[in-house]
**Student:** 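Sharing a structure with you now.
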Amino acid sequence: MANVYVERRDQMFPRLSAAQIDRIAGVGERRRVRGGEILFETGEQHTRFFVVIEGAIEIVQPVDGGEEPITVHGPGEFTGEINMLSARRALVRARAVGDGSIVVVERDHLRALVQRDAELGELLMRAFILRRVALIAHEVSGLVLIGSRHSAGTLRIREFLSRNGQPFTYHEVESDPGVQALLDRFHVGVADVPVVVCESGTVLRNPSIEALATGLGLSPQFDAAVTRDVVIVGAGPAGLAAAVYAASEGLNVLVLEGTAPGGQAGSSSRIENYLGFPAGISGQELAGRALMQAEKFGTEVAIARRAVTLDCASRPYVVRLASGEIIRTRTVVIACGARYRKPALPDLARFEGAGIMYSATHVEAQLCKEEEVAVVGGGNSAGQAAVFLSQSSACVNVLVRDVGLAESMSRYLIQRIDDSANIVLRARTQIDALEGTDRLERVRWKHLDTGASEMRAIRHLFLMTGADPNTAWLQGCVVLDDKRFVKTGAELGPDDLAKAGWALGRRPELLETSRPGVFAVGDVRSGSVKRVASAVGEGSACVQLIHRVLRDL
C-alpha cells in the first residue's frame, strides 16, 4: 500500500516527535508488549489507538488462511484509520513484532485529543483519511461480494458499500473465471446472488441494507434511556453541517441516515461550484470528509436506520425507527432532502437497478462503459452526470422537455456539454417507453413538437428529473406547502400556526417549523435554494437557533 502512495508516505505514516508522543501519553497508558501479541483483530469493533515507542507493529490482511503484509509501524509511528472515530470494524490485523513498548489510548480519549490539540488533530486526521483511501483503492478487506451485472440487488449493495467508503472485493458471475470455485467454497449458488461474505466468514444471501450495515459496524445500538439534545434526520450536506457545528459546540448529537452520507450531492461525480474547491470534488469525497468532521467532534452517526414517524405530541420529541426503536430528543433537524421524481412509465419499477439508475458514480460508469446511454434531466446533477459518463461511454443522450438548458443548468456545465463530441442534447424530448426482459434493453423517446418517436438500443437510463421531498414519514406533524416541502420561519402564516397549535409568544425562528424546536434545512425545506453551499449554510446556521430553543426549555 505504501509503495503506491510514495509521494504521500510521510503524511500517511508520519513519525511523531518526542513532544507529540508525550502529549499522547498524557491521555494514554505506556505498557510493554511481547513479540507476536495481537493488538487488534480483523472485524474487531472499538479498537484502541497504539503508538510505538520501542519495537514495531506489523499490519497485515488475513487472506485464505495466510496473511498479506500492508505496512510496519516503527518507533514514533501509530496505528489506525478512520474507524478510530466511528464504530466501523477493523479491516486489518495488528501484531507486535518482537518485544517492545507502546502507548495505548482509548478511543474516547483519542477523540478528545484530536479536538483540542490542533497540531496532532491535523496530523492524525490526514493520516487516517489517506489510509482509508489506500485501503479502498487496494480493496484491503475480507469483505467479498459475489454478484451479477443483471441483478438489481447487486447494484444496490455495490452502491451502498462504495458510498459508505467500505472496501470490498467484487466477483461477477458472468465474467469472473474463478467464481464457481468461490460459490462452491461458501456453499451458495448463482440463484443466491448477491452474496456477501463478511470478514468473520458469515455468509449473507441477498442481505437487506440494514443487516449489512449492522454487520459492518455502521449502525450502532442506541441507549433508549438517553434524551439527546438534537436528532438530525438525514446526512446530506445540510444534515452533516448541522452535526459538525452542533457537536463542536458540545451538544449531544445523533444523525440518522437511511442509506449513505451525502444525500443527492453524495452521488454527484464532481461538484465544481462549491466554494474552496477550484478543481472540484466528488460528492462522495465531500460527504466522507464531512462525516469524519462530525464524528471527530463526537457525533453519533447511524447508517441504514430510517426514521418512520416523528411524535410531535410528546416532549421530549420521539423519533421512531423502522426497526421499532425509539429515540427521545429535545430538538429535531429535518434534513432528509428530496429524491428524483419518477416519470409515469410502464415497467419503470421492473427496470430499477437493472438499467434504470438515479445516480452516476464510478460504480454505474463501469456498468455502461463504451455503451450508449441516456440521461433525463436539465439540472446541474444531470449535467454533471452527462459530463462524467461521457468520459467512458460511447454516447450520452441528454433529454429535456424544455427548449434548452439555460434556465436550469449552470453555464460551465452547458459549455462542457456543448464542447463534448459524444454528448447529444435532445431538447423538447421525453421518454415514451421502456423495453426488455430481465433488464432494460431498449428505450423509446418522443419529440414533443413533431410527435416523432425513435427506439434506441440503450441499456442504461439515468433519471435526474424534478425533486419530491422525503416528508411522508412526518405524517402531519409539521405544516407542509402544496408540494409537500416543509414550511419554516416567515413562510408560516397565522393560519398555519393556529392549525399546528403554536402556543409560544414568539414566531418560529428562521429555519424552525410549525413545532417549537423542530427545524428543517436543505432540499426538504420549502423555498430552499437547491445547491450544496446553501444546504451547508442552512445546516450550520440552524445550530444557533437550536441553542436559543434549548435555553428556553
Side-chain angles (χ1 to χ4, degrees), residues 82-83 85-89 129 132-133 135-136 141 143 145 147 152-168 170 194 196 207-220 232-244 254-271 281-295 299-307 321-323 335-340 352-353 357-366 381 384-385 462 464 467 470 522-524 532 535-536 539:
I82 64 171
N83 70 319
L85 302 175
S86 68
R88 293 181 183 229
R89 298 184 184 278
I129 292 171
R132 171 60 65 140
V133 169
L135 291 173
I136 294 172
S141 174
L143 191 72
L145 170 61
T154 297
L155 179 60
R156 171 177 55 88
I157 292 175
R158 287 184 70 185
E159 285 182 333
F160 177 79
L161 294 174
S162 296
R163 289 192 59 187
N164 281 285
Q166 181 66 39
F168 66 99
Y170 177 58
V196 177
S208 67
I209 293 301
E210 292 78 9
L212 189 55
T214 298
L216 296 175
L218 298 175
S219 191
I232 301 169
V233 182
L240 288 173
V244 167
L254 170 66
V255 176
L256 302 171
E257 170 53 48
T259 52
Q264 281 191 357
S267 63
S268 295
S269 55
R270 185 149 296 270
I271 302 169
I281 185 171
S282 74
Q284 184 174 334
E285 186 179 1
L286 182 64
R289 293 184 182 190
L291 177 65
M292 277 200 68
Q293 274 184 295
E295 291 179 328
T299 298
E300 187 176 10
V301 181
I303 304 297
R305 297 292 259 279
R306 184 168 54 88
L321 308 186
S323 61
C336 45
R339 52 178 171 261
Y340 290 118
E352 287 182 318
M357 287 167 277
Y358 298 93
S359 63
T361 67
H362 290 281
V363 172
E364 290 81 12
Q366 291 173 6
S381 294
Q384 290 162 352
F462 296 83
M464 298 179 173
N470 291 318
D523 288 358
V524 74
V532 174
V536 170

**Student:** Quick one, S162 and I136 - any side-chain contact, counting heavy atoms below 4.5 Å?
**Tutor:**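 Counting from C-beta outward, S162 and I136 never come under 4.5 Å.
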**Student:** Which heavy atom in G337 sits nearest to a heavy atom in D523, and how many Å separate them?
**Tutor:**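 Minimum heavy-atom contact is CA-CB, 4.1 Å.
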**Student:** Please walk me through it: do V255 and L291 pass side chain to side chain contact (heavy atoms under 4.5 Å, CB included)?
**Tutor:** CA-CA 10 Å; V255 176; L291 177 65; over 6 Å; no
**Student:** When rounded to the nearest 0.5 angstrom, what distance separates CZ in R306 from CD in E257?
**Tutor:**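 Between atom CZ of R306 and atom CD of E257 there are 11.5 Å.
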**Student:** Apply side-chain hydrogen bond (donor to acceptor under 3.5 Å, both in side chains) to S219 and list each qualifying residue two or more places apart in sequence or on a separate chain.
**Tutor:**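 side-chain hydrogen bond (donor to acceptor under 3.5 Å, both in side chains) list for S219, sorted by chain: R305.
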**Student:** Report yes or no: does Q264 contribute a side-chain atom to a donor-acceptor pair with the main-chain N or O of A338 at less than 3.5 Å?
**Tutor:**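 Answer holds: yes.
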**Student:** Distance from I281 atom CD1 to R289 atom CZ, nearest 0.5 Å?
**Tutor:**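 I281 CD1 to R289 CZ: 4.5 Å, rounded to 0.5 Å.
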**Student:** Please report the shortest heavy-atom distance between A290 and L240, naming the atom on each side.
**Tutor:**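 Shortest heavy-atom contact: CB-CD1, 3.8 Å.
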**Student:** Got a second to check how far Q284's CD is from S269's OG, nearest 0.5 Å?
**Tutor:**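 If I round to the nearest 0.5 Å, the distance is 11.5 Å.
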**Student:** With rounding to the nearest 0.5 angstrom, report the OG to CE distance, S381 to M464.
**Tutor:**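 S381 atom OG to M464 atom CE measures 6.5 Å (nearest 0.5 Å).
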**Student:** For the backbone of V244 and the side chain of Q293, can you confirm whether one donor and one acceptor N or O come within less than 3.5 Å of each other?
**Tutor:**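 Checking the backbone N and O of V244 against the side chain of Q293, no donor-acceptor pair under 3.5 Å is found.
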**Student:** Any donor-acceptor pair under 3.5 Å linking the side chain of Q166 with the backbone of R88?
**Tutor:**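 Side chain of Q166 to backbone of R88, a donor-acceptor pair under 3.5 Å: no, none is there.
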**Student:** Checking side chain to side chain contact (heavy atoms under 4.5 Å, CB included) for the pair F160/L218: CA distance, chi angles, key distance, verdict?
**Tutor:** CA-CA 11 Å; F160 177 79; L218 298 175; 3.9 Å; yes
**Student:** If you take all heavy atoms of I232 and A335, which pair is closest and at what distance?
**Tutor:**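 Nearest pair, atom of I232 first, then A335: CG2-CB, 4.3 Å.
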**Student:** Determine yes or no for a side-chain-to-main-chain donor-acceptor pair under 3.5 angstrom, with N164 supplying the side chain and T259 the backbone.
**Tutor:**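 Pair found, side chain donor or acceptor close to backbone of T259.
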**Student:** Under the salt bridge (Lys or Arg N to Asp or Glu O under 4.0 Å) test, which residues partner R132, sequence neighbours left out?
**Tutor:**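 With neighbours one apart ignored, the set is E81.
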**Student:** Let me see the working for L286 and V532 under side chain to side chain contact (heavy atoms under 4.5 Å, CB included), right down to the final yes or no.
**Tutor:** CA-CA 10 Å; L286 182 64; V532 174; 4.0 Å; yes
**Student:** If I compare all heavy atoms of V524 with all of C336, which pair ends up nearest, and what's the gap?
**Tutor:**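 Scanning both residues, the minimum pair turns out to be CG2-SG, 3.9 Å.
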**Student:** Can you give me the closest heavy-atom contact between P207 and I157, atom names plus distance?
**Tutor:**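 So the two residues come closest at CD-CD1, 3.7 Å.
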**Student:** Please name the pair of heavy atoms, one in A213 and one in A304, separated by the smallest distance, quoted to 0.1 Å.
**Tutor:**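 Closest heavy-atom pair between A213 and A304: CB-CB, 3.5 Å.
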**Student:** Output the distance between atom OG (S267) and atom OH (Y340), rounded to the nearest 0.5 Å.
**Tutor:**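 Separation between the atoms: 5.5 Å.
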**Student:** When you measure from the centre of the six-membered ring of Y358, is the NZ or CZ of R339 closer than 6.0 Å and no more than 45° off the axis?
**Tutor:**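 So R339 doesn't make the cation-pi contact.
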**Student:** To the nearest 0.5 Å, how far apart are CG in L212 and CD1 in I303?
**Tutor:**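 Separation between the atoms: 12.0 Å.
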**Student:** Is the shortest heavy-atom distance from the side chain of Q366 to the side chain of R158 under 4.5 Å?
**Tutor:**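 Side-chain contact under 4.5 Å: yes.
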**Student:** Run N83 and R89 through side chain to side chain contact (heavy atoms under 4.5 Å, CB included) and show every step you take.
**Tutor:** CA-CA 7 Å; N83 70 319; R89 298 184 184 278; over 6 Å; no
**Student:** Can you name the residues that form a salt bridge (Lys or Arg N to Asp or Glu O under 4.0 Å) with R270, not counting sequence neighbours?
**Tutor:**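 If we apply the salt bridge (Lys or Arg N to Asp or Glu O under 4.0 Å) test to R270, skipping adjacent residues, there are no hits.
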